[in-house]
Amino acid sequence: MDVDSEDGRPSWIVDAVKYFELIEGGEHWSQLVSEWQELEKALGYPDRQNRIPAKLRPEEIRVWCRNSRDYEKLPKIKSAKQYGTVWRQWWEALQPTSRGEKTWPLPRIQPPNASEWDLVRRGGCNGFFLVIMGLAWWLLAALNGKEGAEDALEAVEDVSWVCRTLLKVCTNASPTEKHPAADLGSASNKCLRLS
């Protein structure tokens with residue numbers, strides 16, 4: 001893992017934060033970026049093997065990943081509204097059933113079992129980061145095109161709520177409840193044991 005010498009964060013996180021800070025998404029966006037960094041730290045900066053499900057994921061994310069994740073060659077979002085619809089379907093598919101479906105914004109209901117967060121509780125460059133990266137493109141397209149900014153900002157608040165909830169799940173785990181290294185492919189994962 002490439003590590004930034006200043007604070008121990010992996011270099012891919014340092015690069016992502018530089019990009020995210022260029023987006024003028026307001027206080028909620030800045031808060032989400034901070035919370036995400038805390039989540040990655042709590043998860044122990046997992047490696048590339050810790051993947052968030054790709055089913056329903058926007059095509060733009062797949063293309064960007066396939067093209068070396070180059071911040072100089074970001075996808076062009078033609079319609080913020082259309083992209084937002086696809087992004088939202090993916091996000092909803094990653095949520096615990098207790099949050100409901102087909103309603104937006106999603107209800108902020110925590111599941112009775114922490115393992116219901118397993119689809120989204122994935123750190124690393126192939127994990128929760130991709131949710132935020134895709135959201136960044138939607139937010140930027142909505143703000144620049146004056147189309148659907150309210151929906152994109154609502155999504156920022158929802159992702160932020162999930163991020164805070166996951167952080168609580170990870171930091172409240174007792175030593176016996178933490179994942180063994182093999183569960184998520186990381187030697188330093190600190191979340192509740194998967195069922």
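Atom SG of C65 is separated from atom CG of D70 by 12.0 Å, given to the nearest 0.5 angstrom. Of the inter-residue distances, the one linking L130 atom CG with C125 atom SG reads 7.5 Å to the nearest 0.5 angstrom. Atoms CG and CD, from L39 and Q37 in turn, are 11.0 Å apart once rounded to the nearest 0.5 Å. Atom CD of residue E40 and atom CD1 of residue I13 lie 4.5 Å apart, to the nearest 0.5 angstrom. The structure places NZ of K78 at 13.5 Å from OH of Y83, a figure rounded to the nearest 0.5 Å. The distance from atom CZ of R121 to atom CD1 of I52, rounded to the nearest 0.5 Å, is 12.0 Å.
Side-chain contact between P111 and T97: absent, with no pair of heavy atoms (C-beta onward) separated by less than 4.5 Å. Counting heavy atoms from C-beta outward, N67 and K73 have side chains that stay 4.5 Å or more apart. Taking the side chain as every heavy atom from C-beta outward, V120 and V162 approach each other to under 4.5 Å. Residues R69 and F129 have side chains in contact (heavy-atom distance under 4.5 Å, counting atoms from C-beta outward).
Judged purely by atom type and a 3.5 angstrom limit, R99 uses its side chain to pair as donor or acceptor with the backbone of P107. A donor-acceptor pair is defined here as one N or O able to donate and one able to accept, closer than 3.5 Å; such a pair exists between the side chain of W87 and the backbone of V131. Here the side chain of E38 pairs no donor or acceptor atom with the backbone of S34 at under 3.5 angstrom. In terms of modelled atom types and a separation under 3.5 Å, the side chain of S79 and the main chain of Q82 share a donor-acceptor contact. Formation of a donor-acceptor pair under 3.5 Å by the N50 side chain with backbone atoms of P46 is not found in this model.
Between Y45 and K41 the shortest heavy-atom distance is OH-CB, 3.6 Å. Between D118 and R122, the closest heavy-atom pair is O-NE, 2.9 Å. Summarising the geometry of C170 relative to L43, their closest heavy-atom pair is SG-CD2, 3.5 Å, with the distance given to 0.1 Å. The two residues L119 and A93 have their closest heavy-atom pair at CD1-O, 3.8 Å. Listed here is the closest heavy atom pair of Q89 and L56: O-CD1, 3.9 Å.
Taking the side chain to side chain contact (heavy atoms under 4.5 Å, CB included) definition, one finds that Q110 meets it with W161, T165, sequence neighbours left out. By the salt bridge (Lys or Arg N to Asp or Glu O under 4.0 Å) test, R62 pairs with E59, sequence neighbours left out. In this structure E150 satisfies the side chain to side chain contact (heavy atoms under 4.5 Å, CB included) test with no other residue, sequence neighbours excluded.
Residues L153 and V159 share a single hydrophobic cluster, defined by chaining ILVMFWY side chains whose heavy atoms lie under 4.5 Å apart. Cluster annotation: V86 is not connected to W90 through the hydrophobic network of ILVMFWY side chains, with a link wherever side-chain heavy atoms come within less than 4.5 Å.
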For a quick test of your reading: what N or O donor-acceptor pairs under 3.5 Å do the side chains of residues 26-33 make, sequence neighbours left out?
residue	atom	partner	partner atom	Å
W29	NE1	F20	O	3.0
S30	OG	G26	O	3.4
Q31	NE2	E35	OE2	2.7

Please output the side-chain donor-acceptor pairs of residues 134-148 that fall under 3.5 Å, not counting sequence neighbours, one pair per line with the distance.
residue	atom	partner	partner atom	Å
W138	NE1	A80	O	3.4
N144	ND2	L140	O	3.4
E147	OE1	A80	N	3.0
E147	OE1	K81	N	3.4

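Ring geometry for Y19 against Y71 counts as tilted: the plane angle lies between 30° and 60°, on a 0 to 90° scale.
A cation-pi contact, defined as under 6.0 Å to the ring centre and within 45° of the axis, links R88 to W104.
Between the side chains of E60 and W64, no donor-acceptor pair is found at a separation under 3.5 Å. A donor-acceptor contact under 3.5 angstrom links the side chains of N113 and S115, judged on distance only.
Residues in residues 106-117 take part in these salt bridge (charged side-chain N to carboxylate O under 4.0 Å, His left out) pairs, two or more places apart or across chains: R108-D158.
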